[in-house]
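Working notes, structure below.
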Amino acid sequence: MEMYDPQTIEPKWQKFWDDKKLFKASEDSKKEKYYLLEMLPYPSGRIHMGHVRNYTIGDVAARFKMMQGFCVLHPMGWDAFGLPAENAAIKNKIHPAKWTYENIDVMRSQLKRMGYSYDWDREFATCDPEYYRWEQLIFLKMVEKGLAFKKSSSVNWCDGCQTVLANEQVEQGKCWRCDTVVVQKSMEQWFFKITDYADELLQDIDDKLQGWPERVRVMQKNWIGKSLGVNIFFKVKDSKIVLPTYTTRCDTVFSVTFIAIAPENPIVLDLVQGTKYEKGAKEFIAKVAKQTLIDRENEEKEKEGFFIGKQAINPASGEEIPIYIANFALMYGTGIVMCDAHDKRDFKFAKKYGIPLKFVISKDGKPMDANKAKEAFTDDGILFDSGEFSGMKNQEALPKMADWLEKKKFGEKTINYKLRDWLISRQRYWGAPIPIIYCDKCGTVPVPEKDLPVVLPTDVEFTGEGGSPLAQHSAFVNTTCPKCKKKARRETDTMDTFVESSWYLLRYCSSKYEKGPVDPKAAKFWMPIDQYIGGIEHAVGHLIYCRFFTKVMRDLKMIDLNEPVVNLLTQGMVCLGGSAMSKSKGNIVDPDTIIEKYGADTARLFILFAAPPEKDLDWNDNAVEGMYRFLTRVWRLVSEVPSSKHQIPNKEGEVWKHRTIKRVTEDIERFHFNTALSALMEYVNFLSENGTSREALETLVILLSPLAPHIAEELWQHLGHKESVLETPWPKWDPKALVASSILIAVQVNGRLRGTVEVPTDSSEEEIKNQAQRLEKVQAHVAGKQIAKVIYVPKKLVNIVVRD
RNA sequence: GCCCGGGUGGAGAAAUUGGUAAACUCACAGGACUUAAAAUCCUGCGGGCCUUAACCGCCCUUGCCGGUUCAAAUCCGGCCCCGGGCACCA
């Protein structure tokens, strides 16, 4: 047989798979279905090692399941809308569509060159009108249900990207894409009412996402941020206004000595209107508004406030307390906070502005003077000066005080979430148009379904100036009102690209379906996704959005499903020299150079062997070479058949064969590809040293095939098979065949290893214990001592416990 | 500050339920083959002690300290370090 030459055999088998349509998924109801999905790539230009890792992990699982007889859906597509395309257009004078589709062509061929088992017939790009028309339909249905709505509010604005951003796209006060500091702007924008689903999204994390990593579940819980508390009402003195304040610490109500209102809260203006404080208040609000999110967070300890000249009444104590606007008060809860000496922030603020403070909790319940204290008392303790609750532990009093406040009509229990509604408007061109028309007479009018899709016009110019090119495209903007047929304008904002990726997983079930976003029958067959694989960076963005969309589409009766993903695997990054591979750092290893030098199979093996999937992986050129060596060894070993000298399967060879089948099968099942490969290497070492048989080599090739499919096909053919190795059933191990004729027993004295004995597998406990004790070294350690007991762990070890 | 992970040879890592710590791979060193090199193959490879040397043997070793157990990388308590998430959310 020829030398191992991946450059000739790999394209050969890729073509073979393609021609035979081996990866085509069909709804074959006789078989059990398995939907395996990797997060779809953004077509940025070329495949990088992160993709290679993500897709190789998925491919092994897909091929493994195919061979186990599952009916596997393993699709691929393109998250094709987004800013880089538009930025490239401005910079290089190339149309975003052209740029995107050219990139897709390059990347598709790169993926094919890796030998991935995708059903390419289901491929789509999200920028295709045939895709986003259904997204526009979902949008319209959401408008009907009040789940998509327009409102004016303070939103995150990125000046770099010239667009607004969702909360999930702001990281440490900066834009997720370009790192520009995000500022707050008041704008009228479209939102999705994800907060309506906050409770279900939270509850299902515990009920239905047991197959998700704990890390992601915790992150989503934090993000949703449910808290139970009480809105306590503070009447404003000499006014009809009542200030509701949200608190989770109603046990401190008797200590409240001032009120802080968020500058964004419009109620401030009502309070100061016509008073001598009006001007100062407005100035203060303007000043805080100018602070970026980063400033307001970084400035951390620096509390600023403005007294608005009004007093409120503490309903519990009846005391009059001052009202402030304060920068540390956020638009969370009611945007009004009751403040006291048991909160660090409140305490600091009070000290700065000379506001009196009161403690009502101390360690032992003895009164303490807050005005003499240096810092807030935030521990649990015993209440004092708190009416009927004095003397109780504050944690025990808390629910009782909530009841009491409610009974006295001083407040009401409420639930708060940190999760905000999802802002989806983007002031950019390369996205799905929001299907809305504005008419002077009829107001905001949804585009009628029959007029979908609202197609993104292609004849636009990209200057990078003057806002979105769509807004300047008069043929697009100017239209007629569907209701009154008079002149009207189109919405020129496009949707956040995370909208596309929120439901693409459903579209794959029936990607050519023409009657709706998804064929309910296909969705019923394929969904939910049995295994989803992608990066941890999507933990609170994409992975919450796609759960939300699943529930929305369920409520729109498009599907019958609560959660889209049963099992989630988040793979680690690919690093070089200690940091993540990235263009900006210039530490890139291009997958193509590895393929050219060693072939796709070697690239796949390295990435699988170097680390378990969840961990970060350090790129190492030498280790890549090692994987190539291994494949060459396999090649040589198998090519020697049928002229091989030793062809006799013996007992030891049988044990090894079955043991290897067991190890590889179980390791692939739990995604431990590195140890699966170790097991194969050990088997190859064994066969090289002890001789092979046709059966042994066939087993080796089959077990190797999900990991290194090209070489496996070639060797399978060499072994005389006509069909693909993929069409060969995955072998089963025989538990009886695992039992060797003899076993090695470790012998310990007082827990220390002193030797081993090899005994026939069917030896009795007595025999083994006796043999162990007869060992010379054991005798030496036992001599002159008394044997207290002898412990026998079946098939593993003997431990002789001695005393002096 | 709170909540998750994690810490094992020169490197990447193994060790389903406590049971021979370091499998497998890389790197390194020595050897075989070769005129030579590459490739390939063989041997060694945690630390220390004993020994002229080899073999053998003994002790220590999974971040640190303590505990449970016949037996701990694994379980429990305390501490240190690294990575990630959340955080002016009342």
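Proteins come first, then strands; the chains are lettered A, B, ... in the order of their sequence lines, and each starts at number 1. What you see is a predicted model; the values in this text were computed from it and never measured. Below, each value reflects all heavy atoms present in this structure, side chains not excepted, and no hydrogens, waters or symmetry copies.
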Review point. Expressed in whole Å, how much space separates the C1' atoms belonging to B/G78 and B/C24?
Key: 37 Å

A/R215 has its side chain closest, among B/C70, B/C4, B/U20, to B/C4

A/I800 CD1 to B/U20 C1', in whole Å, measures 14 Å

Nearest heavy-atom contact between A/V242 and A/I267 is O-CD1, 4.4 Å

Between A/Q748 and A/S227, whichever has its closest RNA chain B nucleotide further toward 5' is A/Q748

Taking a pair to mean Watson-Crick or G-U wobble geometry with both distances below 3.5 Å, B/C50 pairs with none

Picking from B/G85, B/C89, B/G12, the nucleotide nearest the side-chain atoms of A/A610 would be B/G12

A/L680 atom CG is separated from B/A23 atom P, nearest whole Å, by 18 Å

Mate of B/U62 across any strand shown (Watson-Crick or G-U wobble, both atom pairs under 3.5 Å) is none

Please determine if a side-chain N or O atom of A/K344 lies less than 4.0 Å away from the OP1 or OP2 oxygen of B/C88. no

Here the distance between atom P of B/A87 and atom CH2 of A/W223, to the nearest Å, is 7 Å

So, is A/H781 close to the B/G57 phosphate, meaning a side-chain N or O under 4.0 Å from OP1 or OP2?
no

Here the distance between atom P of B/U20 and atom CG of A/L753, to the nearest Å, is 9 Å

**Prompt:** Using the C1' atom in both, what is the distance from B/U16 to B/U74, to the nearest Å?
**Reply:** 12 Å

So, is A/Y246 near the phosphate of B/C89, with a side-chain N or O under 4.0 Å from OP1 or OP2? no

Is it true that the side chains of A/S227 and A/Y246 contain a donor and an acceptor less than 3.5 Å apart? yes

Rounded to the nearest 0.5 angstrom, the CE-NE2 distance for A/M39 and A/H538 is 6.0 Å

Here the gap from A/D618 atom CG to A/M581 atom CE, rounded to the nearest 0.5 Å, amounts to 9.0 Å

Per the O4'-C1'-N9-C4 / O4'-C1'-N1-C2 angle with a 90° window around 0, B/G31 comes out anti

Partner of B/C75 under the Watson-Crick or G-U wobble criteria, both distances under 3.5 Å, comes out as B/G67

Checking B/G19, B/G12, B/A90 against the side chain of A/D343 (C-beta onward), the nearest is B/A90

Here the distance between atom P of B/C26 and atom CG of A/D618, to the nearest Å, is 17 Å

Do A/R249 and B/A90 have a side chain to base donor-acceptor pair shorter than 3.5 Å?
no

A/N327 has its side chain closest, among B/G85, B/C70, B/C88, to B/C88

Determine the Euclidean distance between corresponding P atoms of B/A14 and B/G6; express it in Å to zero decimal places.
12 Å

In whole Å, measure the gap between the C1' atoms of B/C80 and B/C65 for me.
10 Å

Partner of B/A38 under the Watson-Crick or G-U wobble criteria, both distances under 3.5 Å, comes out as none

**Asked** Quick one: is B/A15 close enough that its OP1 or OP2 comes under 4.0 Å of any side-chain N or O from A/R663?
**Response** no

Notebook entry, point to check: Say you pick atom C1' in B/U61 and the same atom in B/A73; how far apart are they, in whole Å?
Noted result: 11 Å

From CZ of A/F606 across to C1' of B/U25 the rounded distance in Å is 10 Å

When both distances are under 3.5 Å in a Watson-Crick or G-U wobble arrangement, the nucleotide paired with B/U43 is B/A29

Step by step, work out the salt bridge (charged side-chain N to carboxylate O under 4.0 Å, His left out) result for A/E171 and A/K174.
CA-CA 5 Å; A/E171 294 168 352; A/K174 292 180 180 172; over 6 Å; no

Just to be sure I understand the rule, does A/N685 reach a base, reach only the sugar-phosphate, or reach nothing, if contact means heavy atoms closer than 4.0 Å?
sugar-phosphate

Discussion item. Are A/F258 and A/F349, when compared by the centres of their aromatic rings, separated by less than 6.0 Å?
Written reply: yes

Checking N1-N3 plus N6-O4 or O6-N4 for Watson-Crick, or N1-O2 and O6-N3 for wobble, each under 3.5 Å, the partner of B/U8 is none

OP1 or OP2 of B/G12 versus the side-chain N and O atoms of A/N622: is any pair under 4.0 Å? no

Exercise. When rounded to the nearest Å, what value does the distance between C1' atoms of B/C56 and B/U17 take?
Worked result: 37 Å

Taking B/G85, B/C41, B/A14 as options, the one with an atom nearest any side-chain atom of A/N674 is B/A14

Closest heavy-atom pair, A/V253 versus A/N314, reported as atoms and distance to 0.1 Å, is O-ND2, 3.0 Å

Requested in this report: Using the C1' atom as the reference point in each nucleotide, state the distance between B/C79 and B/G7 in Å, no decimals.
Outcome: 14 Å

Residue pair A/G755/A/V337 against RNA chain B: nearer the 5' end by closest nucleotide is A/G755

Within the structure, does a side-chain N or O atom of A/R754 lie under 4.0 Å from either OP1 or OP2 of B/C58? yes

Closest to the side chain of A/K777, out of B/C41, B/G57, B/U20, is B/G57

### Query
A/W223 and A/E168: side-chain donor and acceptor closer than 3.5 Å?
yes

By the Watson-Crick or G-U definition, both distances under 3.5 Å, B/C86 is matched with B/G1

B/C59, OP1 or OP2 - any side-chain N/O from A/R752 closer than 4.0 Å?
yes

Re B/A14: Watson-Crick or G-U wobble partner, both distances kept under 3.5 Å, found to be none

Side-chain atoms of A/M219 come closest, of B/G19, B/G85, B/C88, to B/G85

Taken to the nearest whole Å, CZ/A/F630 to P/B/A23 is 17 Å

Closest to the side chain of A/R633, out of B/C41, B/A71, B/C88, is B/C41

> Do A/F673 and A/F671 have their ring centres less than 6.0 Å from each other?
Replying inline: yes

A/E666 atom CD is separated from B/U17 atom P, nearest whole Å, by 13 Å

_Considering every strand and a 4.0 Å limit on heavy-atom distances, what is the contact class for A/G626: base, sugar-phosphate, or nothing?_
sugar-phosphate

Practice problem: Indicate, with a heavy-atom threshold strictly under 4.0 Å, whether A/P612 touches base, sugar-phosphate, or nothing. | Solution: sugar-phosphate

Closest to the side chain of A/R670, out of B/U25, B/U16, B/C89, is B/U16

**Asked** With a 4.0 Å cut-off on heavy atoms, is A/K418 in touch with a base, just the backbone sugar-phosphate, or nothing at all?
**Response** base

Check your understanding: Taking atom C1' in both B/U51 and B/C59, what distance in whole Å separates the two?
Key -> 16 Å

Of the candidates B/A23, B/A90, B/C88, the side chain of A/K303 sits closest to B/C88

Check: So, is A/K615 near the phosphate of B/A13, with a side-chain N or O under 4.0 Å from OP1 or OP2?
Finding: yes

Next on the checklist: Which label fits A/F359 and A/F377: parallel for a plane angle under 30°, tilted from 30 to 60°, or perpendicular past 60°?
Outcome noted: perpendicular

### Message
Taking 4.0 Å as the cut-off, does a side-chain nitrogen or oxygen of A/R629 come that near to OP1 or OP2 on B/C26?
### Response
yes

